[in-house]
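These notes concern the structure reproduced below.
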2 protein chains.
Amino acid sequence: MPAPPAAPGHTSLGDPAEPEAKTENGRRRAGRPVGAVLDKAGITAAALQLIEKKGYDGLTMAALARSLNVAPSALYNHVSSKGDVLLLVEDHLAALVDVSAFGAEPWEDAVRKWAWSYRDVFSQHTPLIPVIAVLPVTDAPQTLAMYETVSAGFRDADFPEERIVSSIVALESFIFGSAYDVTAPADIFDAGSMAEATPSFTGAVRSLAAQGHERPADVAFSLGLEALISGLGALRQ
Amino acid sequence: MPAPPAAPGHTSLGDPAEPEAKTENGRRRAGRPVGAVLDKAGITAAALQLIEKKGYDGLTMAALARSLNVAPSALYNHVSSKGDVLLLVEDHLAALVDVSAFGAEPWEDAVRKWAWSYRDVFSQHTPLIPVIAVLPVTDAPQTLAMYETVSAGFRDADFPEERIVSSIVALESFIFGSAYDVTAPADIFDAGSMAEATPSFTGAVRSLAAQGHERPADVAFSLGLEALISGLGALRQ
DNA sequence: CCACTAAATGAATGGTATTCATTTACGAGA
DNA sequence: TCTCGTAAATGAATACCATTCATTTAGTGG
């Protein structure tokens, strides 16, 4: 049985560009071997779309292949494992993090904007956090580009060079942990039947609830982020 | 075929105690129905042992059952899912976190000791972090007990009650993120062929490496933790 | 002594990522 | 124009996985 007609859509988003097609003939569009249905950009885009619609539980190699009108095994001509797909998605998301304030605004404001943006992007993609947190930067060019911009911002803000990486890591650790909080259920701190056995904690939870914040995770994030900004900012020479 | 003889070992560690046996007869040991091979404490202990030996990839319901000399389906008489097993393990680990300094040492020292201990315990169990981070405390009594002790420590250190939970959440977020760092490969920041394209970042990485710290993750953790302690400490009335 | 019930079995189910022998079709070189 | 090499597809097979369920076992309370 012949292969089905090429899948429509999935226009490249630009980032994981395939090596240039070697065709000398000008009639062929560059960037994708003419007979090929799949490439990394298409896989990335399809994976993101699938995650958006079905969540990370719905992201299976079978479902991904189906959304591309292709057999599951075909994916393995372009990625070596499902982990590879997650890595592609992660690197795509890294490009969405807002680093524009570095070099344009004071250090404190730039860090603040970056950190909120970083948290917001990955709070929608918490299953990627274990991936990013231990990901060698070589495998993720867009992520590396983000680090470069942030590092330059720290250097220009008169950070001692040997403290820059540790400071970024500390901020990032806080951001990753905080991304989980955003997705936690509202009643996560309800002690239920144990309430009277835990008076200090229950009192503190009730006292926070009485404040009526619409997004409690934002309060904790702001509190911690401001503490980190002023604490780390003191390292500047 | 009759059931194999009861598995040896797996003495209860105390925490996930089975409801008291209803036997009026004093001859029976309390806590475990006499004919039962399994209970939650035994499952927890076996799971921990399995994780220690084979890692989280080796923690399967089949392997867990085998280590208890039992059929996989037998586990489902005591836990409702594999997630339930993870929850039992998580709650057991929470009891290992050192909260002893609260009420015995100044707030700063107590927080410092608690945070290092918390990070160290869960850096060996990072697959549990997504579980804890969104876990309703009702389902984890030991975890709840930890929160109670910590909350009391904050209250006694003159924290405004409505800021206690947010402060703990901020610290916890940082701790969870930092637990991942401990397990990251040493060359995670090696930019490889992209090194000359990322001069600020590469310079910062080299400058840190030149310091020759044996555990770079500890430097970042200390930096962030001290910033949080002094920033959050300023909230005290 | 009987009946009830908690707790075990083992087979079956539906899902997963991944591998591999085979086929297809494009494009380059003779 | 023909042929050959190769990149990229297929689909069947593999080895797991968690979970369900009808059935059996064996103790306990009445």
Side-chain angles (χ1 to χ4, degrees), chain A residues 1-7 18-43 47 50 54-87 127, chain B residues 1-7 10 18-43 47 50 54-66 68-87 127:
Chain A
M1 194 172 292
E18 208 76 337
E20 291 298 304
K22 305 180 193 75
T23 328
E24 309 297 332
N25 192 327
R27 284 177 300 138
R28 299 301 182 193
R29 286 185 305 284
R32 183 186 285 187
V34 67
V37 179
L38 296 177
D39 65 5
K40 289 192 180 187
I43 291 173
L50 196 55
K54 311 269 188 179
Y56 276 86
D57 283 351
L59 179 64
T60 66
M61 296 302 270
L64 184 55
R66 184 157 17 92
S67 82
L68 288 160
N69 293 315
V70 131
S73 52
L75 295 168
Y76 290 87
N77 288 319
H78 303 270
V79 297
S80 66
S81 68
K82 183 180 178 179
D84 237 43
V85 175
L86 294 179
L87 200 148
Chain B
M1 194 174 292
H10 305 307
E18 208 75 336
E20 291 299 304
K22 305 179 194 75
T23 328
E24 310 295 334
N25 193 327
R27 284 178 299 138
R28 298 301 182 195
R29 287 185 304 284
R32 182 186 285 187
V34 67
V37 178
L38 296 176
D39 64 5
K40 290 193 180 187
I43 291 172
L50 196 54
K54 311 268 188 179
Y56 276 86
D57 283 351
L59 179 65
T60 67
M61 296 302 271
L64 184 55
R66 185 158 14 94
L68 288 160
N69 294 313
V70 131
S73 51
L75 295 168
Y76 289 87
N77 288 318
H78 303 270
V79 297
S80 66
S81 68
K82 184 180 178 179
D84 236 43
V85 175
L86 294 179
L87 201 148

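Naming convention: chains lettered A, B, ... in sequence-line order (proteins, then strands); numbering from 1 in each chain.
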TODO: Could you tell me the separation between the CG atom of N69(B) and the P atom of dA7(C), rounded to a whole number of Å?
DONE: 18 Å
Task: Between C1' of dG15(C) and NZ of K82(A), the distance in whole Å - done: 12 Å
TODO: Over all heavy atoms of both residues, which pair between L59(A) and L86(A) is shortest? Give the atoms and the distance, please.
DONE: CD2-CD2, 3.8 Å
Open item on the list: Measuring from the side chain of P72(A) (C-beta onward, heavy atoms only), which nucleotide among dT18(C), dA18(D), dA9(D) has the closest atom?
Closed with: dT18(C)
Open item on the list: For V70(A) versus L38(A), what's the shortest heavy-atom pair and its separation?
Closed with: CG1-CD1, 3.9 Å
Task: Nearest listed nucleotide, side chain of A74(B), among dA8(C), dA9(D), dA18(D) - done: dA8(C)
Open item on the list: Of the options dT19(D), dG10(C), dT10(D), whose atoms approach the side-chain atoms of A71(B) most closely?
Closed with: dG10(C)
TODO: Report yes if the side chains of V79(B) and M61(B) come closer than 4.5 Å at any heavy-atom pair, otherwise no.
DONE: yes
Task: Nearest listed nucleotide, side chain of H78(A), among dA8(D), dT19(D), dT18(C) - done: dA8(D)
Open item on the list: Can you work out whether S80(A) or T60(A) has the more 5'-proximal nearest nucleotide on DNA chain C?
Closed with: T60(A)
- [ ] Return the value, rounded to whole Å, for the distance between atom CE of M61(B) and atom P of dG10(C).
- [x] 17 Å
Open item on the list: Can you confirm whether K82(B) sits close enough to L64(B) that some side-chain heavy atom of one is under 4.5 Å from a side-chain heavy atom of the other?
Closed with: no
TODO: Report which part of the nucleic acid S73(A) touches: base, sugar-phosphate, or nothing (heavy-atom distance under 4.0 Å, all strands).
DONE: base
Open item on the list: Contact between L75(B) and V85(B) at the side-chain level, heavy atoms closer than 4.5 Å - yes or no?
Closed with: no
Open item on the list: Can you measure D57(A) atom CG to dT19(D) atom P for me and round it to whole angstrom units?
Closed with: 12 Å
Open item on the list: By nearest atom, which of the nucleotides dA9(D), dC17(D), dT19(D) is closest to the V70(A) side chain?
Closed with: dA9(D)
Open item on the list: Output the rounded distance in Å from OH (Y76(A)) to P (dT14(D)).
Closed with: 17 Å
Open item on the list: How many whole angstroms separate atom CG of D84(A) from atom P of dT19(C)?
Closed with: 12 Å
- [ ] Quickly work out the N77(A) CG to dT6(D) C1' distance and round it to whole Å.
- [x] 12 Å
- [ ] Starting from P on dT10(D), measure out to CZ on R66(A) and report it in whole angstrom.
- [x] 14 Å
